[in-house]
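Keep in mind that what you see is a predicted model, and the values were worked out from it rather than measured.
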Amino acid sequence: MTISLCMIVKNEEQVLARCLDSVRSCVDEIIIADTGSTDRTGEIARKYTDKVYPFSWRDDFSAARNFSFSKATMDYILWLDADDILTPENARLLRELKAAPPPADIVMMKYHTAFDEDDNPIFSYYRERLIRRALRPVWRGRVHEALELKGSIFYSDIAVTHRSVKTAYSDRNLRIYERQIDDGDPLSPRDQFYYGRELYYHGQYERAEDVLTHFLKSGQGWVENCIEACRFLSYCRTALGNPDGALRALTETFQYTAPRAEVCCEIGNHFMEQEEYQTAVFWYETARTRPRREENGGFICEDCYGFLPCIQLCVCYDRLGDREKAEFYNALAGSFRPHAPAYLYNLRYFARHPSSPAAKKTDGAQQEQARNILI
């Protein structure tokens, strides 16, 4: 397998070298489409490749990515953003896959985008990362662009790690969507979902609620986007002071799939905020026992399958006056994330308020019991 790395960049002098250093041993050519950098991005890129091309930015990520793909000459195309990296282990896995390629047109890789205090990934999803060039892959969508997939798919163990250095969430994506609407270019179902999400991120809750509701009623969205739309609809309604409507939005996810841990945790949070702790316990226990999902492309929050329901069960049982169960679930939470601030805070809390000798267990004994439960 030969690989063309195709990237679009703009003002990425802080991170571009880091990205290219992490992947250069895995690819046969590097293609950079520069959409208008005014910093040292172009100078840095030319240290790695002579295939640096200017591209006039027109508020369309797909246009830029399709341009970069058009310059590729190798068997497969790999795409990354400038603030992505391959860890040494994942670079090794990619070199191994390159040496013994699977009989597939598309290679999916996990995308890790959030991390805990020990740098373990806690939020990830699959993306199409390696695509056979002969398929003539095409990107669609001005924002949150996606490839039109065709051909055989292989789910790999390789992961791309997102390491953003940005400290603020810009309004760029929202502006692009609103320009698209002004241009009379209809939003696809995928666009509608992401437009509603952008509106939520920018505090426009009523407009976001309208857009997400319209998206769900259309019945044309990808099931994973529909589930996420229900969750964001619940966030909007919570922000608008409608907790009952927020709960209804969460339960609407059940028409698409069996209850997922992410949604069960959200429902648990709802009842916890209402101080209905026993009901919250039911939903957190359900979250804790839901099977993890793999290879469906949807968003996966690792914490919802372990740490989060356990730490919330600790709080619920403390409120219910069951100290032994509260300490047990805190220990169980610690078995997932031993350096989590919430877990360590609870240890100090319990130490300040010791339980009765009959109920008291050492933290080590609790964690051993927790590990046995997990096994």
* Asked: Charged N to carboxylate O under 4.0 angstrom, R248 versus E252?
  -> no
* Is T113 close to Y125 at the side-chain level, that is, under 4.5 Å between some pair of heavy atoms? -> yes
* Structure fact -> side-chain contact (heavy atoms from CB on, under 4.5 Å) filter on T38, not counting sequence neighbours, yields N11
* Please check if atom CG in D28 has more than 12 non-hydrogen atoms from other residues, nucleotides or ligands closer than 6.0 Å. => yes
* Asked: Side chains of T286 and I267: does their closest heavy-atom pair fall under 4.5 Å?
  -> no
* To do: For F193 and L212, run side chain to side chain contact (heavy atoms under 4.5 Å, CB included): C-alpha distance rounded to whole Å, both residues' side-chain angles, the deciding distance at 0.1 Å, then the answer.
  => CA-CA 6 Å; F193 162 65; L212 292 170; 4.2 Å; yes
* Without hydrogens or angle criteria, can the side chains of R129 and Y76 be said to hold a donor-acceptor pair below 3.5 Å? -> no
* Can you list the steps and then say if N269 with Y284 is a side chain to side chain donor-acceptor pair (under 3.5 Å)? -> CA-CA 9 Å; N269 293 343; Y284 290 130; 2.5 Å; yes
* side-chain contact (heavy atoms from CB on, under 4.5 Å) involving C304 - partner list, sequence neighbours excluded -> A261, E262, C265, C301, L308
* Would you mind reporting whether L94 and M109 have side-chain heavy atoms less than 4.5 Å apart? => yes
* Side-chain donor or acceptor of D39 paired with backbone N/O of E13 under 3.5 Å -> yes
* Does the R127 side chain pair with the main chain of Y111, one donor and one acceptor, at a distance under 3.5 Å? -> no
* Determine yes or no for a side-chain-to-main-chain donor-acceptor pair under 3.5 angstrom, with S22 supplying the side chain and T87 the backbone. => no
* Taking atom types as modelled and ignoring hydrogens, do the side chains of E29 and T73 form a donor-acceptor contact shorter than 3.5 angstrom? -> yes
* **Interatomic distance, L16 atom CG to K47 atom NZ [nearest 0.5 angstrom]** => 10.5 Å
* Is it the case that one hydrophobic cluster holds both Y48 and V52, taking links as side-chain heavy atoms less than 4.5 Å apart, direct or via other members? -> yes
* Asked: So, do M272 and C316 sit near enough that their side-chain heavy atoms are less than 4.5 Å apart?
  -> yes
* Please assess V223 against T257 for the test side chain to side chain contact (heavy atoms under 4.5 Å, CB included), listing each intermediate value before the final yes or no. => CA-CA 9 Å; V223 63; T257 185; 5.6 Å; no
* **Plane angle bin for Y349 and H353 - parallel if under 30°, tilted between 30 and 60°, otherwise perpendicular** => tilted
* At their closest point, which heavy atom of V263 faces which heavy atom of L250, and how far apart are they? -> CG1-O, 3.7 Å
* Give a yes or no on this: more than 12 heavy atoms of other residues, nucleotides or ligands lie within 6.0 Å of atom OH of Y345. => no
* Is there a side-chain contact between E324 and Y317 (heavy atoms, below 4.5 Å)? -> no
* To do: Might you point out which heavy atoms bring A63 and D60 nearest each other, and give the distance in Å?
  => N-OD1, 3.0 Å
* Structure fact -> Tested for side chain to side chain donor-acceptor pair (under 3.5 Å) against R337, the lone hit among D303, N120, D118 is D303
* Please assess E178 against R175 for the test salt bridge (charged side-chain N to carboxylate O under 4.0 Å, His left out), listing each intermediate value before the final yes or no. => CA-CA 5 Å; E178 295 190 334; R175 286 188 289 103; over 6 Å; no
* Sidechain-backbone polar pair: S4 side chain, M74 backbone, donor-acceptor under 3.5 Å -> yes
* Do K325 and E285 meet the salt-bridge criterion of a basic N to acidic O distance under 4.0 Å? -> no
* Minimum heavy-atom distance R132-A104, with the two atoms named -> NH2-O, 3.1 Å
* What are the two closest heavy atoms between I30 and T49, and how far apart are they? -> O-OG1, 2.6 Å
* Please determine if R197 forms a cation-pi arrangement with F215, meaning its NZ or CZ atom is less than 6.0 Å from the six-membered ring centre and no more than 45° off the ring axis. => no
* Is there a side-chain contact between V160 and N90 (heavy atoms, below 4.5 Å)? -> no
* To do: Check L20, I31, D81 against M7 for a side-chain contact (heavy atoms from CB on, under 4.5 Å) and give me the one that passes.
  => L20
* **Side-chain donor or acceptor of S152 paired with backbone N/O of D105 under 3.5 Å** => yes
* Of all the heavy-atom pairs spanning G36 and K10, show the shortest one and how long it is. => O-CE, 3.6 Å
* Asked: What are the two closest heavy atoms between M1 and P101, and how far apart are they?
  -> CE-CB, 3.5 Å
* Side chains of T213 and D210: is there a donor and an acceptor less than 3.5 Å apart? -> no
Under 3.5 Å, which donor-acceptor pairs link side chains of residues 134-143 to any protein atom two or more places apart or in another chain?
| unit_1 | atom_1 | unit_2 | atom_2 | d |
| --- | --- | --- | --- | --- |
| R140 | NE | E148 | OE2 | 2.7 |
| R142 | NH1 | D183 | OD2 | 3.2 |
| R142 | NH2 | D185 | OD2 | 3.2 |

* Salt-bridge test for R163 and D119: reply yes if a basic N is under 4.0 Å from a carboxylate O, no otherwise. => yes
* **Neighbour count above 12 (heavy atom, 6.0 Å) for E206 CD** => no
* Can you name the one residue among F69, F67, F61 that meets ring-ring contact (aromatic ring centres under 6.0 Å, His included) with F55? -> F67
* Intermediate values then yes/no, salt bridge (charged side-chain N to carboxylate O under 4.0 Å, His left out), R65 and E128 -> CA-CA 14 Å; R65 291 209 190 274; E128 63 287 5; over 6 Å; no
* Run the ring-centre check on Y277 versus F271 and record whether the distance is less than 6.0 Å. => no
* Between L216 and C230, is a side chain to side chain contact (heavy atoms under 4.5 Å, CB included) present by the stated rule, with each step listed? -> CA-CA 8 Å; L216 290 167; C230 290; 4.0 Å; yes
* **Side-chain ion pair, E228 and R231, N-O less than 4.0 Å** => yes
* To do: Indicate yes or no for a side-chain donor-acceptor contact from E327 to the backbone of F350 under 3.5 Å, with no hydrogens or angles considered.
  => no
* To do: Please check if atom NE2 in H214 has more than 12 non-hydrogen atoms from other residues, nucleotides or ligands closer than 6.0 Å.
  => no
* Asked: Hey, which of F299, Y201, Y205, Y194 is the one that makes ring-ring contact (aromatic ring centres under 6.0 Å, His included) with F232?
  -> Y201
